[in-house]
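Inspection log for the structure reproduced underneath, given as structure tokens.
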Amino acid sequence: MQLEKTNIILGITGGIAAYKTPDLVRKLIAKGAKVRVVMTESAKEFVSPLALQAVSGNPVSDDLLDKDAEAAMGHIELARWADKLLVAPATANFMAKLTHGLADDLLSTLCLATPAPIVIAPAMNQQMWLADATQANLKILEQRRIQLLGPAQGEQACGDVGPGRMLEPQEIADLLAQQIFEQVLAGKRITITAGPTREEIDPVRYLSNHSSGKMGYALAIAAQELGATVTLISGPVNLLPPAKIKTISVSSAQQMHDAVMQTTHDCDIFIGCAAVADYRVQQKTNQKIKKSDSELTLTFIKNPDILSDVAHLANAPFTLGFAAETQNLREYALGKLQRKKLNMIAANDVSDSTIGFNSEQNALSVFWSKGEKKLDVADKQLLARQLMRLVAQRYTEDTND
Ligand code: PMT
């Protein structure tokens, strides 16, 4: 019973996926949770409060200004009762309200009043999910540690196909149980690199790559969720530093190397997710290179290999490297695992433009000396959670060997 003694407020907002929530309540209760349901007015158009009262065994709350309900369990009391506030389905409108801190009904008020972590399982049309406004709201919510479950890809009620389907009730219940109970990295210090590096050529030009930092930032958040103290060393990206994570901004590979070496002496786990430039120009010019000849020749020299240097330290932490490959994924990843003396390597196929560099999703093949595991294509935050749990497992087994 993974959710035993866990009080969950299930907030239901007005989307078609609301019809699945009686089943979600049953799945949460089957894991041992106590569930109280809060509905918005529009949610009641999609699913009956009576059905939810019957499956949860508790009266459904829906009104901030209901004297009788306030006399039984007031909204502040309800907010304090919760160990987790789960909103499923969470519509685009609800996400916007949450982003801006509106409190014009019971559910949005509870979101402000509860000290409990908030988890949302979005559900909406794929175009609405991909809309700039929703994505901007999502970024802010993730910075604030609102946890995201899904959405899944697939066929939608409106006939569209794409991201925006609510995860199935069983998946939501499983993920919630994992998040609540596995503080498996409590007390561990983890350093993670993310994003690209920039190698300057002259005062206006540089050499870089398409890394957005999303994968590395997602790993930092996932590691912190599991109880770790995280230092994130980031190349230049367009992401806000995750709240409560020490984030050090660097630009070049050499700067990233120096920052990493200063933190790894007291770190337990090192994860190299950054796309570090292998080479830099031998001689950066102080003045802008002028267009003169028909050809321009630059000489490049090797940058330090950060990951390999960490893994070869006398007191090396547990190291996880990444391998970005366009072919022979397994062979090249296993080569890097051995050559760089790593504990684990996570390989992604970056020839597929829908995953890897600068996309919302990724898929990973993870290898270690005695095993391997495939993590199927998923949103980077979900994938990061799966990968961090695997890292925690491997770390514990390796240190107990
Ligand atoms: O940032 P996103 O847009 O979310 O994209 C994520 C990602 C595709 C960048 C990420 O999943 C990824 O694959 N990161 C590693 C990219 C890379 O540089 O791979 P590589 O195979 O060239 O390098 C192997 C490993 O050595 C990596 O862990 C890298 O961080 C490390 N390395 C490489 C060169 C170097 N000089 N120093 C290093 O530490």
Side-chain angles (χ1 to χ4, degrees), residues 139 142 191-199 207-222 232-239 242 250 252-261 263-264 269-280 300-313 316-367 375 377-384 386-388 391:
K139 264 193 192 148
E142 285 184 329
T191 298
I192 299 175
T193 64
T197 61
R198 278 184 191 168
E199 309 304 323
L207 187 77
S208 190
N209 59 63
H210 294 295
S211 170
S212 63
K214 286 177 194 159
M215 193 68 234
Y217 277 53
L219 284 167
I221 291 169
L232 178 61
I233 299 177
S234 174
V237 296
N238 284 322
L239 302 172
V250 296
S252 66
Q254 187 61 54
Q255 287 171 2
M256 187 173 274
H257 183 273
D258 296 346
V260 165
M261 288 305 162
T263 65
T264 39
I269 299 174
F270 174 76
I271 301 179
C273 186
V276 186
D278 289 319
Y279 294 90
R280 65 176 183 273
F300 289 91
I301 55 169
K302 253 195 171 161
N303 270 327
D305 189 315
I306 303 168
L307 182 65
S308 180
D309 284 358
V310 171
H312 282 85
L313 286 171
F318 181 97
T319 48
L320 164 68
F322 271 71
E325 308 295 350
T326 54
Q327 56 177 336
N328 303 335
L329 195 82
R330 183 191 171 83
E331 184 192 333
Y332 289 163
L334 286 173
K336 283 177 186 167
L337 179 75
Q338 274 190 352
R339 226 177 21 257
K340 299 199 185 198
K341 228 175 140 211
L342 311 176
N343 297 89
M344 282 177 100
I345 192 150
N348 32 207
D349 177 359
V350 291
S351 68
D352 179 347
S353 63
T354 63
I355 58 170
F357 282 100
N358 200 19
S359 64
E360 297 306 318
Q361 298 194 314
N362 205 0
L364 295 168
S365 299
V366 191
F367 303 95
L375 303 179
V377 60
D379 167 89
K380 281 182 178 165
Q381 193 60 65
L382 273 184
L383 198 70
Q386 294 172 31
L387 181 58
M388 281 316 306
V391 169

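Order of appearance sets the numbers: ligands from 1, and atoms from 1 within every ligand.
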Which pair of heavy atoms, one from [X] and one from [Y], lies closest together, and at what distance?
{"X": "Lys302", "Y": "Arg280", "value": "O-NH1, 3.6 Å"}
{"X": "Ile345", "Y": "Ala333", "value": "CG2-O, 3.6 Å"}
{"X": "Ala194", "Y": "Gly216", "value": "CB-CA, 3.7 Å"}
{"X": "Ser208", "Y": "Pro196", "value": "OG-CB, 3.6 Å"}
{"X": "Val250", "Y": "Ala259", "value": "CG1-CB, 4.1 Å"}

For the pair Lys139 and Leu239, evaluate side-chain contact (heavy atoms from CB on, under 4.5 Å) and give the outcome as yes or no after the intermediate values. CA-CA 8 Å; Lys139 264 193 192 148; Leu239 302 172; 4.3 Å; yes
Hey, what do you get for [atom1] ([X]) to [atom2] ([Y]), rounding to the nearest 0.5 Å?
{"X": "Lys380", "Y": "Ile221", "atom1": "NZ", "atom2": "CD1", "value": "13.0 Å"}
{"X": "Arg330", "Y": "Glu325", "atom1": "CZ", "atom2": "CD", "value": "13.5 Å"}
{"X": "Met256", "Y": "Thr193", "atom1": "CE", "atom2": "OG1", "value": "5.5 Å"}
{"X": "Asp352", "Y": "Gln361", "atom1": "CG", "atom2": "CD", "value": "10.0 Å"}

Can you tell me the protein heavy atom closest to [atom] and the distance?
{"atom": "atom 34 (C) of ligand 1", "answer": "Asp278 OD1, 3.2 Å"}
{"atom": "atom 18 (O) of ligand 1", "answer": "Ala275 CA, 3.4 Å"}
{"atom": "atom 37 (N) of ligand 1", "answer": "Ile306 N, 3.1 Å"}
{"atom": "atom 2 (P) of ligand 1", "answer": "Ser212 OG, 3.3 Å"}
{"atom": "atom 20 (P) of ligand 1", "answer": "Lys336 NZ, 3.7 Å"}
{"atom": "atom 19 (O) of ligand 1", "answer": "Ala324 N, 3.4 Å"}

Polar contacts were defined as any N/O atom of the residue lying under 3.5 Å from an N/O atom of the ligand; does this apply to [X] and ligand 1?
{"X": "Ala323", "result": "no"}
{"X": "Gly213", "result": "yes"}
{"X": "Thr193", "result": "no"}
{"X": "Gly321", "result": "no"}
{"X": "Lys380", "result": "yes"}
{"X": "Gly272", "result": "yes"}

Within ligand 1, which atoms have a heavy atom of Met215 less than 4.0 Å away?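 Under 4.0 Å from Met215, ligand 1 has these atoms: 4 (O), 6 (C), 11 (O).
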Which of the atoms in ligand 1, numbered in the order shown and given with their element, are less than 4.0 Å from a heavy-atom of Pro304?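 Once the distances to Pro304 are compared, the set is 35 (C), 36 (N), 37 (N).
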Measuring from non-hydrogen atoms of [X] to any atom of ligand 1, is the shortest distance under 4.0 Å?
{"X": "Cys273", "value": "yes"}
{"X": "Lys340", "value": "yes"}
{"X": "Ala274", "value": "yes"}
{"X": "Ala347", "value": "no"}
{"X": "Asn358", "value": "yes"}

Counting heavy atoms only, which of [options] comes nearest to [atom]?
{"atom": "atom 13 (O) of ligand 1", "options": "Asn348, Val237, Asn362", "value": "Asn348"}
{"atom": "atom 31 (C) of ligand 1", "options": "Ile271, Leu219, Leu307", "value": "Leu307"}
{"atom": "atom 15 (C) of ligand 1", "options": "Tyr217, Phe322, Tyr279", "value": "Phe322"}

Heavy-atom side-chain contact between Ile192 and Ser234 under 4.5 Å: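 Answer no - side chains too far apart.
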Taking the side chain as every heavy atom from C-beta outward, state whether Val391 and Phe318 have any atom pair closer than 4.5 Å.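 Result yes, sub-4.5 Å side-chain heavy-atom pair found.
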Thr191 (side chain) donor-acceptor with Thr264 (main chain) under 3.5 angstrom: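 It does not hold such a pair.
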